[in-house]
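These notes are about the structure you will find just below.
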Amino acid sequence: MRPIIAATLAATVLMAAPASAKGCLRGAAAGGVAGHMMGKGHGLAGAAAGCMVAHHHYAKKAAAARKH
């Protein structure tokens, strides 16, 4: 389990951009709560996944705004 968490955390750090840090924090908070509700030890994985999903969402939104 630890290698998966480390890989997810590394990917999150490498993908993070200052423009969408707010989205990452929002996604991490929501994912952490959802992971905590799933069971012991899933909060960190949920936070990492939530951060990645929110980052992707806000990056797509920013790209669409730049396009117009």
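Positions are given from 1 along the sequence.
Residues passing the side chain to side chain contact (heavy atoms under 4.5 Å, CB included) test with A28 are A47, C51, sequence neighbours excluded.
The structure places NZ of K61 at 13.5 Å from CZ of R66, a figure rounded to the nearest 0.5 Å.
Listed here is the closest heavy atom pair of G27 and A54: CA-CB, 3.7 Å.
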